[in-house]
**Q** 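Quick one: this structure, given as structure tokens, is what I'll be asking you about.
Just so it is clear, the model here is predicted, and its values are computed rather than measured.
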Amino acid sequence: YCFCKKEAQPDNEESPGIAEQKRDPCRFLTQEQVTARFAEGLIPVIRQRIPNQGSTTFVDHVYGEITVENTQLDDQVLLKSDGFPTYNFANVVDDHLMEITHVIRGQEYLSSTPKYNLLYQAFGWQIPEYVHLPLILREDGAKLSKRAGDPSFEDLVQMGFLPEAIVNYVALLGWNPGDEREIFTMEELIEAFDIERINKSSAAFSLEKLTWLNGEHIRRLDPQKFHELALKYYPEGVRHLDLEKISRLIQIRIERFTEIPTMVKFLYELPDYDAALFENPKSKSTLQSSREILQEVIPLLESMQEWTNESLFTALKDFAAAHGYKIGTAMWPIRTALSGQFASPGGATELADLLGKDETLRRLKIGLAKLQP
RNA sequence: GCCCCCAUGGUCUAGUGGUUAGGACACAGCCCUUUCAAGGCUAUAACUCGAGUUCGAGUCUCGAUGGGGGCACCA
């Protein structure tokens, strides 16, 4: 029993209260003294008496042998004055009752594990095996915590990450398979994972690398599966188009599902772009070449019977060859006029196929108009 | 303040006494290419410091420094 007053919360700065509280002043109260205090109407807590000497040692599967001097341990409260057990006490009892054999938890519990063990010993219970895991830090080195606004697993899913990619990434934080593989399916991870290869130092969480890994997982997705997952990200404006075709085009280009809406926006809303976009040194495109090409290509496309990616590509390739253009030079103004963007998911003919003949011709004419002197 | 843990490029890591210190992300360049991605190639970049032990230390020992965590009638 301990009848001491509740200690005031330790001050933020120096907190001498901690050191002084190690040993409970009430630990040697006699039966009479206890009875007397009850008679005064005092309400006690129950503390565990920790030996004043010796040390407590245990072996962790990751960190090896850990020893803490008993003098470092508080006479910890087991039952609070309201009669409820403390977390630590309840935890030990609960784990024992549930016949827990292995405790796997964060490294922050490493130095308090001895006091759990002392409790197990006091009850004569079997001490479980311990596996303490290195902590995950933020990139600035601070501890990752939801209170500080760091994302949870669910948040990451919300942000467009695949659960298996998140698990894959986190597994790599403090563990490696011993070879140079990094990308794992759940099954492969289960197969390869081994507690023995967990390392001891904490790791910084890199959203950048998770993003890359997520992209790898997305690309490896079965196209049909990808399409199903992508479906809910497609905005209303794009739903009249062939969504499966769009899915095939964007699967290899996105790293997060949340990129989809902005990536496909141009399909239903042609951006207001500048004619300068038609100039591109890499494809040897100039304003003039672009104008000439659009002028000739529009009637050519108007006469097309079969409107598919393949037929369009063949026709345009022949067109380029006939006029002495590089394919890139011929395609650039078309792609640009169709997307209104410097970059797009899919090339000229893929976009034409997707948009359909009418919309393609409409956009090409808009582009040509921008190029008229 | 006391105690515990950790320490290889900016980040994640391989490495268990002898290596040109390997890989990945990011960055830069090149190739490929109907744009962008993806893919391929190349480049830049690391053993925290100081003493030992040893013929020889990233690797073993000790110390320092740095970082993280824990020290509640909270869970």
**Q** What residues form a ring-ring contact (aromatic ring centres under 6.0 Å, His included) with A/Tyr234, not counting sequence neighbours?
**A**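 If we apply the ring-ring contact (aromatic ring centres under 6.0 Å, His included) test to A/Tyr234, skipping adjacent residues, there are no hits.
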
**Q** Listed by chain and number, what are the ring-ring contact (aromatic ring centres under 6.0 Å, His included) partners of A/Phe342, not counting sequence neighbours?
**A**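 Only A/Trp332 meet the ring-ring contact (aromatic ring centres under 6.0 Å, His included) criterion with A/Phe342.
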
**Q** Using whole Å, what does the distance between atom C1' of nucleotide B/G23 and atom CD1 of A/Ile183 come to?
**A**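 So the two atoms are 12 Å apart, to the nearest Å.
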
**Q** May I ask you to establish whether A/Lys370 and A/Phe278 are in a cation-pi arrangement, using a distance under 6.0 Å from NZ or CZ to the six-membered ring centre and at most 45° from the ring axis?
**A**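 Geometry flag: not set, cation outside 6.0 Å or 45°.
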
**Q** Atom pairs under 3.5 Å, N or O on each side, protein against nucleotides 8-14 of chain B: can you list them with distances?
**A**
from	atom 1	to	atom 2	distance (Å)
B/C12	OP1	A/Ala204	N	3.0
B/C12	O2'	A/Leu172	O	3.1
B/U13	OP1	A/Gly174	N	2.7
B/U13	O3'	A/Asn176	ND2	3.2
B/A14	OP1	A/Asn176	ND2	2.6

**Q** Rounded off to whole Å, could you give me the NZ-to-C1' distance for the A/Lys115 and B/G69 pair?
**A**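 Going from A/Lys115 (NZ) to B/G69 (C1'), I get 13 Å.
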
**Q** What is the nucleic acid contact for A/Leu135, judged by heavy atoms within less than 4.0 Å: base, sugar-phosphate only, or nothing?
**A**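 Contact class for A/Leu135: sugar-phosphate only.
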
**Q** In whole Å, what is the span from the CZ atom of A/Phe58 to the C1' atom of B/C3?
**A**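 Computing the A/Phe58:CZ to B/C3:C1' distance gives 13 Å.
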
**Q** In this structure, how many angstroms lie between the C1' atom of B/G68 and the CG atom of A/Leu133, rounded?
**A**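 Result: 15 Å.
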
**Q** Of A/Ile252 and A/Cys2, whose closest RNA chain B nucleotide lies nearer the 5' terminus?
**A**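 The residue mapped nearer the 5' terminus is A/Ile252.
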
**Q** Where the side chain of A/Tyr63 is concerned, which of B/C4, B/A75, B/C6 is the nearest nucleotide?
**A**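 Of the options given, the side chain of A/Tyr63 lies nearest B/C6.
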
**Q** Using the C1' atom on both, measure B/G9 against B/G58 and round to a whole Å.
**A**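 To the nearest whole Å, 14 Å.
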
**Q** Quick test: give all pairs of protein nitrogen or oxygen and nucleotides 40-42 of chain B nitrogen or oxygen below 3.5 Å, distance rounded to 0.1 Å.
**A**
none

**Q** Rounded to the nearest angstrom, tell me the gap between atom CG in A/Leu78 and atom C1' in B/A72.
**A**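 After rounding, the gap between these two atoms is 14 Å.
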
**Q** Taking ring-ring contact (aromatic ring centres under 6.0 Å, His included) as the test, write out the residues that go with A/Phe226, two or more places apart.
**A**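 Per chain and number, A/Phe226 pairs via ring-ring contact (aromatic ring centres under 6.0 Å, His included) with A/Phe257.
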
**Q** Determine the interatomic distance between P on B/U16 and the same-named atom on B/G52; round to the nearest Å.
**A**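 Their P atoms lie roughly 27 Å apart.
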
**Q** With a 4.0 Å cut-off on heavy atoms, is A/Thr67 in touch with a base, just the backbone sugar-phosphate, or nothing at all?
**A**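 Sugar-phosphate, backbone atoms only, no base.
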
**Q** Both A/Ser112 and A/Val77 contact RNA chain B. Taking the nearest nucleotide for each, which residue is further toward the 5' end?
**A**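 Looking at the nearest nucleotide for each, A/Ser112 comes out on the 5' side.
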
**Q** Who does B/U35 pair with, Watson-Crick or G-U, both distances under 3.5 Å?
**A**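 Its partner is none (no Watson-Crick or G-U wobble pair with both distances under 3.5 Å).
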
**Q** Using distance only, find each side-chain donor-acceptor pair of residues 203-213 of chain A under 3.5 Å and give its atom names and separation, not counting sequence neighbours.
**A**
from	atom 1	to	atom 2	distance (Å)
A/Ser206	OG	A/Glu208	N	3.4
A/Ser206	OG	A/Lys209	N	3.1
A/Lys209	NZ	A/Glu182	OE2	3.0
A/Thr211	OG1	A/Leu207	O	2.6
A/Trp212	NE1	A/Glu216	OE2	3.4

**Q** Which of parallel (below 30°), tilted (30 to 60°) and perpendicular (above 60°) describes A/His323 and A/Phe319?
**A**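 If you compare the ring of A/His323 with that of A/Phe319, the planes turn out tilted.
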
**Q** At 4.0 Å (heavy atoms only), tell me whether A/Glu216 reaches a base, stays on the sugar-phosphate, or touches nothing.
**A**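 Result for A/Glu216 = sugar-phosphate.
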
**Q** For residues 42-82 of chain A, pull every pair meeting ring-ring contact (aromatic ring centres under 6.0 Å, His included), keeping only residues two or more places apart or in separate chains.
**A**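 Sorted pair list: A/Phe58-A/Tyr130.
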
**Q** Could you name each residue pair satisfying side chain to side chain donor-acceptor pair (under 3.5 Å) that touches residues 224-233 of chain A, not counting sequence neighbours?
**A**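 Of all non-adjacent pairs touching residues 224-233 of chain A, those that pass side chain to side chain donor-acceptor pair (under 3.5 Å) are A/His227-A/Ser247.
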
**Q** Considering only distance and modelled atom types, tabulate donor-acceptor pairs under 3.5 Å from the side chains of residues 32-40 of chain A, sequence neighbours left out.
**A**
from	atom 1	to	atom 2	distance (Å)
A/Gln33	OE1	A/Thr30	N	2.7
A/Gln33	OE1	A/Thr30	OG1	3.2
A/Thr35	OG1	A/Gln31	O	2.7

**Q** Sub-3.5 Å donor-acceptor pair from the side chain of A/Arg197 to the main-chain atoms of A/Phe193, do we have one?
**A**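 Such a contact is absent between A/Arg197 side chain and A/Phe193 backbone.
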
**Q** In whole Å, I'd like the distance from the CG atom of A/Leu351 to the C1' atom of B/A37.
**A**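 These atoms are roughly 13 Å apart.
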
**Q** State the pairing partner of B/C60; accept Watson-Crick or G-U wobble contacts with both distances under 3.5 Å, and report none otherwise.
**A**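 Looking at the geometry, B/C60 pairs with B/G52.
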
**Q** Name the pairs: protein N/O against N/O of nucleotides 33-36 of chain B, kept only if under 3.5 Å.
**A**
from	atom 1	to	atom 2	distance (Å)
B/U34	O2	A/Ala348	N	2.6
B/U34	N3	A/Thr349	OG1	3.0
B/U34	O4	A/Thr349	OG1	3.1
B/U35	O2'	A/Phe342	O	2.9
B/U35	O2	A/Arg335	NE	3.2
B/U35	O2	A/Ser344	N	2.7
B/U35	O2	A/Ser344	O	3.0
B/U35	O2	A/Ser344	OG	3.3
B/U35	N3	A/Ser344	O	2.6
B/U35	N3	A/Gly346	O	3.0
B/U35	O4	A/Arg253	NH1	3.2
B/U35	O4	A/Gly346	N	3.0
B/U35	O4	A/Gly346	O	3.1
B/U35	O4	A/Gly347	N	2.9
B/C36	OP1	A/Lys282	NZ	3.2
B/C36	OP2	A/Lys282	NZ	3.3
B/C36	O2	A/Arg253	NH1	2.9
B/C36	N3	A/Arg253	NH1	2.2
B/C36	N4	A/Arg253	NH1	3.4

**Q** Using the C1' atom in both, what is the distance from B/A26 to B/A45, to the nearest Å?
**A**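 After rounding to an integer number of Å, I get 12 Å for this pair.
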
**Q** Test of understanding: with ring-ring contact (aromatic ring centres under 6.0 Å, His included), list the residues that count as partners of A/Trp307, not counting sequence neighbours.
**A**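 A/Trp307 satisfies ring-ring contact (aromatic ring centres under 6.0 Å, His included) with no other residue.
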
**Q** Determine the Euclidean distance between corresponding C1' atoms of B/G50 and B/A7; express it in Å to zero decimal places.
**A**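 The same atom, C1', in both gives a distance of 16 Å.
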
**Q** How are the rings of A/Trp125 and A/His96 set relative to one another: parallel (under 30°), tilted (30 to 60°) or perpendicular (over 60°)?
**A**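 Rings of A/Trp125 and A/His96: parallel, under 30°.
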
**Q** So which nucleotide does B/C25 pair with, by the Watson-Crick or G-U wobble rule with both distances under 3.5 Å?
**A**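 Its partner is B/G10.
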
**Q** Looking only at the side chain of A/Glu180 (C-beta and beyond, no hydrogens), which of the listed nucleotides B/C3, B/C73, B/G23 gets closest?
**A**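 It is B/G23.
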
**Q** Could you give the distance separating B/A14 and B/U8 at their C1' atoms, to the nearest angstrom?
**A**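 One C1' to the other, the span is 10 Å.
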
**Q** Taking B/U44 as the reference, what is the distance to B/C25 when you measure between their C1' atoms (whole Å, please)?
**A**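 Rounded to whole Å, the distance is 15 Å.
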
**Q** With a non-hydrogen cut-off below 4.0 angstrom, is A/Val45 in contact with a base, only sugar-phosphate, or nothing?
**A**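 The answer is base, as A/Val45 lies within the cut-off (heavy atoms under 4.0 Å) of a base atom.
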
**Q** In chain order, what residues pass the salt bridge (Lys or Arg N to Asp or Glu O under 4.0 Å) check against A/Arg105, with sequence neighbours excluded?
**A**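 Scan of A/Arg105 (salt bridge (Lys or Arg N to Asp or Glu O under 4.0 Å), adjacent residues dropped) gives none.
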
**Q** Tell which nucleotide pairs with B/C47, taking only Watson-Crick or G-U wobble pairs whose two distances are both under 3.5 angstrom.
**A**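 Paired with B/C47, as far as the under-3.5 Å criterion goes, is no nucleotide at all.
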
**Q** Rounding to an integer number of Å, can you tell me how far A/Asp150 CG sits from B/G68 P?
**A**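 The distance from CG of A/Asp150 to P of B/G68 comes to 14 Å, rounded to the nearest Å.
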
**Q** What is the distance from CG of A/Leu42 to P of B/C73, rounded to the nearest Å?
**A**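 After rounding, the reported distance stands at 17 Å.
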
**Q** Under a 3.5 Å cutoff, is there a donor and acceptor pairing between the side chains of A/His217 and A/Thr185?
**A**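 No, no side-chain donor-acceptor pair sits under 3.5 Å.
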
